[in-house]
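Reading through the structure tokens given below for one structure.
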Amino acid sequence: MSRYAASDVEAKWQSAWEAADIFRARRDETRPKYYVLEMFPYPSGRIHMGHVRNYTMGDVVARYKIATGHNVLHPMGWDAFGMPAENAAMASGGHPKDWTYANIADMRAQMKPLGLSIDWSREFATCDPEYYGQQQALFLDFLEHGLVYRKNAVVNWDPVDMTVLANEQVIDGKGWRSGADVERRELTQWFFRISDYAEDLLEALDTLDNWPAKVRLMQENWIGKSRGLQFAFGLIDGPEGHDRVEVYTTRPDTLMGASFVGISPDHPLAKTLERERDDVAAFCAEARKGGTTAEAIEKAEKLGFDTGLRVRHPFDTAWELPVYIANFILMEYGTGAIFGCPGHDQRDHDFARKYDLPIVDTFLPIEGDHDIGGAPYVPLKSEAVRYTRLVAGEEIQTGEAGVNAAIDFCEANGVGQGVTKFRLRDWGLSRQRYWGCPIPVVHCDTCGVVPERKENLPIRLPDDVSFDAPGNPLDRHPTWRDCACPRCGAPARRETDTMDTFVDSSWYYARFTAPHAATPTDMAEAEYWMNVDQYIGGIEHAILHLLYSRFFARAMQVCGHLPGKAIEPFDALFTQGMVTHEIYLTRDAAGRPVYHLPEEVSEGRLADGTEVEIIPSAKMSKSKKNVVDPSTIIAQYGADTARWFVLSDSPPERDVEWTASGAEAAHRHLARVWRIAAEIAASDAPATPDDDALLREMHKCIDEVTKGIDSFGFNAAIARLYAFTNTLAKSQAGKGAKTSAARTLAQLMSPMTPHLAEDIWAMLGGEGLVTTAPWPVADAEMLIDDTVILPIQINGKRRGEITVPADMPKSEVEKLALAHNAVVKALEGAQPKKIIVVPGRIVNVVV
RNA sequence: GCCCGCGUGGUGGAAUGGUAGACACAGGAGACUUAAAAUCUCCAGGCCUUUGGCCGUGCCGGUUCGAGUCCGGCCGCGGGCACCA
């Protein structure tokens, strides 16, 4: 008998699927539709195991849905704009466009051998003018509907290269190429009004029942709805135009603990002072050093500058507080000003100790009380309710009730208003870069900012650009900027900013429903195919990409590009873990790590015998060389082995470690299944006898694998398939029962290992393709066993077991349990205190 | 710093609040073979006084007849933090 030859088998069945054209999605009102989508890849050049895992999971779902009679849409495309293409152009002199399309061709060629059930006729790249032209049309519609506007915003500025830097390009506060200290600088930029949808985006999270709870929680925290008090401190002898400092606080219950007021270096008062005073200007310049990320700002050393100005406390006008400019206060949140309460906030506490400000405890003492000299006192969740002193004679509870009481008290006394604020800021989409979708507006000296006419779209990126100087090539292009004003016809200049690549990925799922429509979407197609029934991708997109997509679905609906039902574009979301691998390294003379590829290492040693250090289980990354190329694995074992392995060893939401032995074992198992099936097919044994145990196992396997796939329990489903294979291999049944069991095995494996499944299905005389064969259904009667083993516990510890009929009444089970040796011994003639019988599960005797 | 998650044998992991360790990897013993490969069979959490007993799911405490699972606190590791995609 021949052996399982993966490469022949896989090529054969991929051709068969292509010939039958079974993955092309067409509208068909007679069948339920199912849209499964994996987050589309960035065309970096090579696919990696993370891609294999992501697309395999989507493929399992897609193939399972095909088998259960659904009309499946399973498309693929490329998130093709972005910085790496420009970096490659700068490093090697090529063009971002050539680099990107070459990468797409390479990656498509690597992806096809995986045997994915993709409708390739719908493929597009976001850098295709056909796609980004429609995106420009969307932008113009958003502009018309008031969903886009311009305002100033802070960017990372490299003062040597005179260019804007991405956060990624700021290393330890310095520009990645120039090494200069990065500054925060304001530019006029385009913004989407996502914050107008904050309340809706928050409330609709409750409707996303099939999203992971943690993703919903992360989005909830990101949107950050809070109720607080907005009020003003009266400013004493402030500069002209400044008589108060508006503050927003979520902790008005601690107002009596105030010991300073802090304002952002970008606060209007700070800017006024900066113009008037050199010492303030010097401090603000210092405070603006470093990157713009929240992490950089909050981790930076807390610096404050005493302006010398004083404000009056709203409850006691004789009480004066100093005004500090502080580098950790963000102008984007609240009012850009805070009051500091060092007694009950760690950051304020640190600040107060550094600048020698008073630390006031506002919580009334209860027994064994706190001392806030060493650390701020923040009550624990589990502690008794605390009371705080708001003003003399007013005591209020802490926590939410206290905040509301404090707001009520303040409003009643004319000190500010209770307001609701969101942490969510508007989405800045301007990028000062070439390789992105041009923003389709024109700057005219007479008319100002004018939208392009839709008939002029797409506004194409020019091909003749150079990357030999820092900055945006569109800015220095000799002619591209020149145009006629769409309104008055006078000579005008194009906007040279391009769009954030998150814009590209915020609506591609809608475009897949009609990838070549002359408008952004085709409403009939969108009505049929939307929503995405199952979306699958990395947890790293839990906030930004998913939130932006949710906003876009709403905005597109406002502009008539999506039907009402698509307000939430992704009905179900699954976030998968990473593929990890050990890192192998040796040290150079200076002790710096030198990384080695897995194939260079054998049994912990390099070919020359040098022992390597091993760092366990880290995310695969080219720089650490702990990567395995899927193409190598496919060449060695076949795609089914790679698919089987990435699904088998870990739950899909968790990381999976790629190991050579695991891949080897997966391949051995698939070869075994093939061999077992081939033996059954070639056997001349009689059709009977049946094997009741085998058939029961088969139905249990159908049941559990079906449930496993339905709930993304792929690893558990695969474990069940291993067990069933073991049972089948040992069965003494006749050819009839074995053939039936093996065909079922082929069907159950087909979503995971479709090529192998087709091959053994055909071998065993299955009709047509297993891919399109109807999914098997478990016989409910075969799932119930006649007898069960019940563990006997004494005081919750297992002491024995009894085997009883499954339907034995509780009273009978109790009698049997009480007669059990271990129970008799434990009772020593006494009566049990209690007996708990959970039918079919357990007996617990309390003595 | 802030938000979120995870932690179970040598390893990956399984377990609607109900027999902890399914299934697999690595390991050990054996069969087959001149031999190897391949394949097949069996063993396998730790400890002890071994037909039995004790301990055991990061640590400390709680709820419960019963906790890997629920609650509180801690420790460790990972993801995100708005211009990486």
Side-chain angles (χ1 to χ4, degrees), chain A residues 3 39 41-42 44 79 81-84 153 155-156 164-170 189 194 212-215 217-218 220-222 224 291-300 302 328 332 346-347 350 380-383 423-433 500-502 504-505 538-545 547-548 575 577-578 616-619 648-651 653-657 659 661-662 664-666 668-669 671-672 675 713 715-716 718-723 726 729 789-798 800-801 833-836 838 840-846:
Chain A
R3 291 180 56 189
M39 290 179 185
Y42 178 79
S44 57
D79 187 14
F81 278 133
M83 273 200 314
V155 295
N156 299 306
V164 176
L165 298 178
N167 286 335
E168 189 186 58
Q169 297 169 321
V170 179
Q189 312 222 66
I194 187 173
K214 70 170 168 183
V215 173
L217 186 59
M218 285 162 84
E220 184 182 327
N221 289 330
W222 187 260
T292 58
T293 66
E295 187 187 4
I297 290 166
E298 286 175 42
K299 272 192 174 165
K302 308 287 179 285
F328 58 86
E332 286 84 8
Q346 183 69 53
R347 194 173 60 183
D350 296 344
L380 301 173
K381 276 194 253 179
S382 57
E383 273 184 302
R423 203 185 74 103
L424 180 67
R425 309 199 296 255
D426 277 337
W427 169 12
L429 67 121
S430 298
R431 297 293 181 269
Q432 295 70 41
R433 271 188 273 283
D500 179 6
T501 56
F502 272 121
D504 313 337
S505 56
I539 184 71
E540 67 275 19
H541 295 292
I543 298 172
L544 292 179
H545 163 60
L547 194 63
Y548 291 158
T575 52
M578 297 179 303
S617 200
K619 179 177 181 172
S648 66
D649 239 25
S650 283
E653 68 276 14
R654 253 196 260 178
D655 293 350
V656 61
E657 174 153 301
T659 61
S661 59
E664 176 70 42
R668 268 205 312 270
H669 177 72
R672 178 174 180 237
R675 197 168 54 244
N715 57 325
I718 283 177
R720 202 66 192 69
L721 287 165
Y722 269 107
N726 290 341
I789 297 168
L790 283 186
I792 308 289
Q793 290 184 335
I794 296 169
N795 293 339
K797 282 188 186 284
R798 188 179 184 281
E801 62 183 34
K833 287 198 185 120
K834 203 173 179 181
I835 304 178
I836 291 123
V838 183
R841 279 287 178 191
I842 206 159
V843 181
N844 190 14
V845 182
V846 187

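Every value quoted in this text rests on a predicted model; they were computed, and no experiment measured them. Chain letters run A, B, ... following the sequence lines, proteins first and then strands; every chain starts at 1.
Among the nucleotides B/A24, B/C83, B/G79, the one closest to any side-chain atom of A/Glu540 is B/G79.
Using atom C1' as the reference point in both B/A20 and B/G56, the two lie 9 Å apart (nearest Å). Using atom P as the reference point in both B/G17 and B/C23, the two lie 22 Å apart (nearest Å). Across the P atoms, B/C4 and B/G53 are found 46 Å apart, a figure rounded to whole Å. B/A38 sits 31 Å from B/C47 when the P atoms are compared, rounded to a whole Å. Distance check on atom C1': B/U11 versus B/G66 gives 31 Å, rounded to whole Å. One P atom belongs to B/A22, the other to B/G13, and the distance between them is 15 Å to the nearest Å. Rounded to whole Å, the separation between the P atoms of B/C70 and B/G7 comes to 10 Å. For the C1' atoms, the distance linking B/A37 with B/G5 amounts to 45 Å, nearest Å.
Pair assignment for B/U51: none, as no Watson-Crick or G-U wobble contacts are both less than 3.5 Å. A 3.5 Å limit on both hydrogen-bonding distances identifies B/G28 as the Watson-Crick or G-U partner of B/C42. With a cut-off of 3.5 Å on both pairing distances, the Watson-Crick or G-U wobble partner of B/C77 is B/G5.
In this structure, the side chain of A/Asp426 engages the main chain of A/Ile194 through a donor-acceptor pair within 3.5 Å.
Distance A/Met39 CE to B/G79 C1': 14 Å, rounded to the nearest Å. Whole-Å rounding puts the A/Arg425 CZ to B/C81 C1' distance at 10 Å.
Residues A/Asp500 and A/Trp427 have side chains in contact (heavy-atom distance under 4.5 Å, counting atoms from C-beta outward).
A/Phe502 comes within contact range of at least one nucleobase, with a heavy-atom separation under 4.0 Å.
Between the side chains of A/Asn167 and A/Thr292, a donor-acceptor pair is found at a separation under 3.5 Å.
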